[in-house]
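Take a look at the structure set out below.
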Amino acid sequence: QVQLVESGGGLVQVGGSLRLSCAASGRTDSRYAMGWFRQAPGKEREFVAAISGSDRMTSYAEPVKDRFTISRDSAKNTVYLQMNSLKPEDTAVYYCAARGTTLVVRTSRGYDYWGQGTQVTVSS
């Protein structure tokens with residue numbers, strides 16, 4: 001079992017930045033692939049970014065490419081999502097997820113563990 005806790009969300013103005021953190025505990029000895037998803041009101045949960053278990057591969061959704069960066073600090077068992085140049089359409093609850101293999105996937109069904117989410121609101 002892996003427990004995930006997100007933090008770092010909040011209210012930010014258009015063009016601003018936030019860094020989300022996802023702290024993992026439990027069976028963190030394995031190098032899980034990790035992902036970030038988001039869900040806006042009235043919309044389905046969508047893929048944002050992912051990092052492989054080896055950290056060699058990352059994947060981003062087109063709307064966030066070149067603005068968001070996913071990274072991992074293995075010593076802290078923490079994955080980050082650096083979000084720059086934020087737009088109102090980035091407003092959503094952001095979820096961290098882990099899957100029991102090292103390979104990156106972009107679908108929510110591919111993930112085994114989920115955090116509770118952290119709210120990001122971008123105001124104009």
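Numbering of residues begins at 1 and proceeds along the displayed sequence.
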What do the steps show when you test Val48 against Leu81 for side chain to side chain contact (heavy atoms under 4.5 Å, CB included), and what is the final call?
CA-CA 9 Å; Val48 175; Leu81 184 68; 4.1 Å; yes

Working for side chain to side chain contact (heavy atoms under 4.5 Å, CB included), residues Cys96 and Trp114
CA-CA 6 Å; Cys96 174; Trp114 291 84; over 6 Å; no

Evaluate the side chain to side chain donor-acceptor pair (under 3.5 Å) criterion for residues Ser17 and Asn84: first the C-alpha distance (whole Å), next the side-chain angles of each, then the deciding distance (0.1 Å), finally the verdict.
CA-CA 4 Å; Ser17 298; Asn84 299 328; 2.9 Å; yes

Set out, in order, the CA-CA distance, both residues' side-chain angles and the distance that settles side chain to side chain contact (heavy atoms under 4.5 Å, CB included) for Thr121 and Val12, then state yes or no.
CA-CA 6 Å; Thr121 303; Val12 64; over 6 Å; no

Could you go step by step and tell me if Tyr60 and Thr69 meet the side chain to side chain contact (heavy atoms under 4.5 Å, CB included) rule?
CA-CA 8 Å; Tyr60 296 92; Thr69 302; 3.8 Å; yes

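Criterion: ILVMFWY side-chain heavy atoms under 4.5 Å apart, direct or through other members. Under it, Val79 and Val104 are not part of a common hydrophobic cluster. The hydrophobic cluster containing Phe47 also contains Tyr95, counting ILVMFWY residues as joined when their side-chain heavy atoms lie under 4.5 angstrom apart, directly or transitively.
Minimum heavy-atom separation, Val105 to Tyr111: O-OH, 2.7 Å. The nearest pair of heavy atoms linking Gln119 to Val93 is OE1-CG2, 3.2 Å. Residues Val120 and Met83 share a closest heavy-atom pair of CG2-CE, 3.9 Å. Shown here for Gly8 and Leu18, the closest heavy-atom pair between the two residues is O-CD2, 3.8 Å. Closest non-hydrogen pair, Asp55 versus Ser74, comes out as OD2-OG, 4.1 Å. Pairing each heavy atom of Gly9 with each of Leu20, the nearest pair is N-CD2, 3.6 Å.
In this structure, Arg45 forms no cation-pi arrangement with Phe37, as its terminal cationic atom is not both closer than 6.0 Å to the ring centre and no more than 45° off the ring axis.
When side chains are defined from C-beta on, Ser52 does not count as touching Leu103, because their heavy atoms never get closer than 4.5 Å. Taking the side chain as every heavy atom from C-beta outward, Ser59 and Arg106 approach each other to under 4.5 Å. Counting heavy atoms from C-beta on, the side chains of Arg67 and Lys65 never come closer than 4.5 Å. Using a 4.5 Å heavy-atom threshold, the side chains of Asp90 and Arg38 count as touching. At a threshold of 4.5 Å between non-hydrogen side-chain atoms, the residues Glu89 and Pro63 do not count as touching. Between Ser123 and Val14, the closest side-chain pair of non-hydrogen atoms is not below 4.5 Å. Residues Met34 and Val2 form no side-chain contact, since every pair of their non-hydrogen atoms from C-beta on lies 4.5 Å or further apart. Side-chain contact check for Ile70 versus Trp36: some heavy-atom pair is nearer than 4.5 Å.
With respect to Arg99 and Asp112, no salt bridge is recorded, no charged nitrogen being found less than 4.0 Å from a carboxylate O.
Between the Glu6 side chain and the Gly117 main chain, a donor and an acceptor come within less than 3.5 Å of each other.
Rounding to the nearest 0.5 Å places OG of Ser124 at 9.5 Å from CD of Gln13. With rounding to the nearest 0.5 Å, the separation of CD1 in Ile51 from OH in Tyr80 is 12.0 Å. With rounding to the nearest 0.5 angstrom, the CE atom of Met57 is 10.0 Å from the OG1 atom of Thr102.
Ring-plane geometry between Phe68 and Tyr94 is classed as tilted, the angle between the planes lying from 30 to 60 degrees on a 0 to 90 degree scale.
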